[in-house]
**Student:** 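Have a look at this one.
Both ligands and their constituent atoms are indexed starting at 1 by order of listing. We use all heavy atoms of the structure for the numbers below, so side chains are in, but hydrogens, waters and symmetry mates are not. Sequential numbering from 1 along the given sequence is applied to the chain's residues.
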Amino acid sequence: MEEARHWLPAAAAAALLLTVWGAAGVEVRNWGGDIATNCAEFVTVRSADDIVEVVRDGESYPAPVRALGSRHSNTKVIMADGGTVVNMRKMNAILGHDESKLTVTVEAGALYIDVSEYLQKHGLMHYVNTEFGSISSGAAAVAHTKDAAFVGEHGQISSYVVGVKIVTADGDKMTIDEDNHPELLRAVRSSYGLLGIVYEVTFRVRPLELIMLWHRTYTLDDFLSKLDDIRSSGTSVMIYYYPYEDKMTVEFRAYHNNPAVNASEPNFLLSGKPLSWWASLQFRVRNGFWGGVGPVFGRFINQMAAAPEWLTNGMASAFSAFLGLAGPFMSGGINYPPAQMHRYPDDTPQGQKIAFSLFSFPAHTFPDALRAYYAFCQDHLRRTGWRTSLPHVGYRLYRDHSSLLSHSTEDESLSFDPVTVPDEGWYSFLEEYNEFCAQWGGTPLLNQTPHLKARHVQAQEAYGKALPQFREVRRRMDPQGRFLTPHLRDLLGL
Ligand SMILES: Cc1cc2nc3c(=O)[nH]c(=O)nc-3n(C[C@H](O)[C@H](O)[C@H](O)COP(=O)(O)OP(=O)(O)OC[C@H]3O[C@@H](n4cnc5c(N)ncnc54)[C@H](O)[C@@H]3O)c2cc1C
């Protein structure tokens, strides 16, 4: 085990660029750089026994004790002011897979994209292949995630966690899996470290399988009139929204051998095998957009704030129109789902970082909420002159009870997720956006929806119905509040 003060600058700076040591403690910042916590102790653990030692020794390692994955959350879920941050990143071993059970077991600090690369070498893949590959497996097991779900599948990574090993608040090691503790596992899947520190995760995986993808661009009216057909098309549905232009592009994806999909879709250019250079180019361009080109252009638009409004808006609209062309470019692609996964390294330049914020809506209220959302974005632009600089995105998830605080518990859900290069205008927009989404019965993600207030989270339409059960489990697992942070206590009413 390494304490911060023992392995100061050189190695530390390389490992955690945004961690600063001072007399009053250690400041840890998230990847985006906009959330900071001042903990008393910052400990890098290398084994489950190291974690046990930290949890048991309340004098040397004050509460709250908070595990840290790869610090990519854009909310206060990583906060441990005055407490202890347990850095999991050195516990990153891939422990092996089981061909017969179709599972893979990893240490909690292993990055999802590294696990994915391991799986592909063995002809396997995750069920949920988020575009974001830098999520740690521990966070993937206990925090909210999102991706467009394939038919009959889930769009949240933790739904495919079949077992975890944790260090409990007493400092004991405990195995929680589908066979032994199915109800507790449901709570763990959305527990944000409140029930214990996860040191090992077992994911259910599946054989590697090709998917095909294609795109259609709609006007808002056209999209809403066809939404039922889109939802029942037997494909996964991801949406790129252009709210200021009243348009959107839908990305449809289906397993290559899916008989439900109409094979006459015009874009199935390839049959059977991926054209590797083309498919690889498509995904490189797409990943390069989110990881670099998009944010750089978005920042350029932001920096032109002093220019006449017609010019900045015109440029942003032209940019969206250009992105509309990306649909045909990406269409006809046949590839493996993990190709969309992208690494967002610690040393990403500030200018290449994006910010976003997601709310999910039940499918039956989504059409009205979406129409109102477009009007809200346009009205906000008229009143303040501020608009997001990148397309918004959204995902369809099927109904999913796998975790206690799932964001699609009640119904199939669809989301909207504004994306931008952050500046001052973004933070004012967020305040209004949160109120707007809450009024429309939206459900936020605790690690991906910044500036939340307790009422947004505890509303009946959000997590209100599930919270009593979650509170009861948390009280039972951690009566002394060893893992309880003020932020999560207030947000979840614990
Ligand atoms: C540029 C960017 C793109 C993104 N794209 C996507 C996307 O496409 N899809 C998606 O779903 N998400 C996306 N995200 C969000 C990201 O997946 C989440 O914020 C995720 O939680 C980050 O994982 P992390 O390892 O950095 O966790 P952290 O931010 O370090 O921690 C998250 C929470 O998990 C807890 N935790 C971490 N490890 C453990 C452990 N071992 N035991 C117990 N508790 C633990 C922490 O205490 C904290 O509460 C994106 C984020 C960024 C910055």
Side-chain angles (χ1 to χ4, degrees), residues 16 28-35 37 39 45 48 51 55 64-80 83-89 91-92 106-113 128-148 155-158 161 164-168 188-201 238 287 290-292 294-295 340-346 348 352-358 360 390 393-395 397 407 415 417 419 421-422 445-450 483-485 487-488 491:
L16 277 168
V28 181
R29 277 185 183 270
N30 67 338
W31 177 85
D34 56 351
I35 306 279
T37 185
C39 59
V45 291
I51 305 173
V55 174
V65 178
R66 202 92 283 252
L68 189 68
S70 58
R71 301 179 298 121
H72 279 78
S73 294
N74 59 6
T75 71
K76 293 183 174 175
V77 291
I78 63 164
M79 299 287 285
T84 304
V85 168
V86 178
N87 173 25
M88 300 299 299
R89 285 286 292 278
M91 288 190 70
N92 58 6
V106 302
E107 286 187 328
L111 295 190
Y112 203 59
I113 191 166
V128 183
N129 292 277
T130 45
E131 284 182 40
F132 180 64
S134 299
I135 185 170
S136 62
S137 297
V142 302
H144 285 119
T145 51
K146 75 226 173 180
D147 193 37
Q156 301 176 77
I157 301 176
S158 69
V161 168
V164 290
K165 290 187 180 169
I166 68 168
V167 174
T168 64
V188 167
R189 287 182 182 132
S190 50
S191 62
Y192 285 89
L194 290 167
L195 306 183
I197 297 189
V198 174
Y199 60 90
E200 209 176 286
V201 185
M238 180 191 172
N287 294 345
W290 288 116
Q340 76 161 358
M341 237 187 245
H342 184 60
R343 223 176 262 278
Y344 288 82
D346 277 340
T348 304
Q352 291 178 21
K353 291 180 176 169
I354 53 171
F356 56 88
S357 181
L358 183 142
S360 282
L390 292 167
V393 295
Y395 308 86
L397 270 68
H407 56 105
S415 52
D417 189 350
V419 187
V421 171
L445 309 192
L446 303 189
N447 56 343
Q448 304 190 36
T449 316
F483 303 124
L484 186 58
T485 65
H487 171 68
L488 287 170
L491 217 52

**Student:** Looking only at distances, please establish whether an N/O atom of ligand 1 is found under 3.5 Å from an N/O atom of Ser134.
**Tutor:**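 The answer is no, given that Ser134 and ligand 1 share no N or O pair closer than 3.5 Å.
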
**Student:** Hey, which of Val85, Asn92, Val86 is the one that makes side chain to side chain contact (heavy atoms under 4.5 Å, CB included) with Met88?
**Tutor:**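 Filter result, single survivor: Val86.
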
**Student:** Relative to atom 47 (O) of ligand 1, which among Ala139, Ser136, Ala67 owns the nearest non-hydrogen atom?
**Tutor:** Ala67

**Student:** Out of all atoms in ligand 1, which are within 4.0 Å of some heavy atom of Asn447? Include the element for each.
**Tutor:**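 Reading through ligand 1 atom by atom, the close ones are 18 (C), 19 (O), 20 (C), 21 (O).
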
**Student:** When only distance counts, is Ala143 in polar contact with ligand 1, meaning an N/O pair under 3.5 Å?
**Tutor:** no

**Student:** Does Ser137 have a non-hydrogen atom less than 4.0 Å from ligand 1?
**Tutor:** no

**Student:** Please answer whether the main-chain N or O of Tyr395 pairs with a side-chain N or O of Ser415 as donor and acceptor at a distance below 3.5 Å.
**Tutor:** yes

**Student:** Mind checking whether Gly138 has an N or O less than 3.5 Å away from an N or O of ligand 1?
**Tutor:** no

**Student:** Ignoring hydrogens, what is the shortest heavy-atom contact between Val167 and Phe483? Give both atom names and the distance.
**Tutor:**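 Nearest pair, atom of Val167 first, then Phe483: O-CZ, 3.8 Å.
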
**Student:** Report the part of Gln448 (side chain from C-beta onward, or backbone N, CA, C, O) that has a heavy atom under 4.0 Å from ligand 1; answer both or neither where that applies.
**Tutor:** side chain

**Student:** Using a 4.0 Å heavy-atom cut-off, say whether Asn30 meets ligand 1 through its side chain, its backbone, both or neither.
**Tutor:** neither

**Student:** For ligand 1 and Ser73, I'd like to know whether there is a polar contact (N/O to N/O, distance under 3.5 Å).
**Tutor:**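 Between Ser73 and ligand 1 (N or O atoms, distance only) the closest approach is under 3.5 Å.
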
**Student:** State the atoms of ligand 1, each with its element, that fall below the 4.0 Å cut-off from a heavy-atom position in Arg66.
**Tutor:** 47 (O), 49 (O)

**Student:** Would you call the rings of Tyr344 and Phe132 parallel, tilted or perpendicular if under 30° counts as parallel and over 60° as perpendicular?
**Tutor:**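 Plane angle between 30° and 60°, so tilted.
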
**Student:** Taking everything shown except Lys146 itself, do over 12 heavy atoms lie less than 6.0 Å from its NZ?
**Tutor:**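 Atom NZ in Lys146 is packed in, count exceeds 12.
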
**Student:** Under a heavy-atom criterion of less than 4.0 Å, does Tyr199 contact ligand 1?
**Tutor:**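 Contact absent.
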
**Student:** Which part of Trp31 is near ligand 1, with near meaning a heavy atom under 4.0 Å away: side chain, backbone, both or neither?
**Tutor:** side chain

**Student:** Given Arg66, which of Leu488, Thr84, Thr37 fulfils the side chain to side chain contact (heavy atoms under 4.5 Å, CB included) condition?
**Tutor:**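 Of all the options given, the one that passes is Leu488.
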
**Student:** Answer with yes or no whether the side chains of Ser70 and His72 bring together a donor and an acceptor at under 3.5 Å.
**Tutor:** yes

**Student:** Check each heavy atom of Val142 against ligand 1 and say whether those closer than 4.0 Å belong to the side chain, the backbone, both or neither.
**Tutor:**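 For Val142, the contact with ligand 1 is made by the side chain alone.
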
**Student:** Heavy atom under 4.0 Å from ligand 1: found in Ser70's side chain, backbone, both, or neither?
**Tutor:**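 Both backbone and side chain.
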
**Student:** Give the numbers and elements of all ligand 1 atoms closer than 4.0 Å to a heavy atom of Ala108.
**Tutor:**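 Going through ligand 1 atom by atom, the ones under 4.0 Å from Ala108 are 41 (N).
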
**Student:** Consider ligand 1: state whether an atom of it lies below 4.0 angstrom from any non-hydrogen atom of Ile78.
**Tutor:**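 Flag set, Ile78 near ligand 1.
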
**Student:** Do ligand 1 and His144 have nitrogen or oxygen atoms that lie under 3.5 Å from each other?
**Tutor:** no

**Student:** Looking only at distance, does Lys146 have an N or O less than 3.5 Å from an N or O of ligand 1?
**Tutor:** yes

**Student:** What part of Tyr344, side chain, backbone, both or neither, has a heavy atom within less than 4.0 angstrom of ligand 1?
**Tutor:** side chain

**Student:** Considering the heavy atoms of Gly196, write down every atom of ligand 1 situated less than 4.0 Å from one of them.
**Tutor:**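 This gives 43 (C) as the contact atoms.
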
**Student:** Counting only heavy atoms, which portion of Met88 has something under 4.0 Å from ligand 1: side chain, backbone, both, or neither?
**Tutor:** side chain

**Student:** Select one of side chain, backbone, both or neither to describe which atoms of Thr145 lie under 4.0 Å from any atom of ligand 1, heavy atoms only.
**Tutor:**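 Looking at Thr145 and ligand 1, atoms from backbone and side chain both fall under 4.0 Å.
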
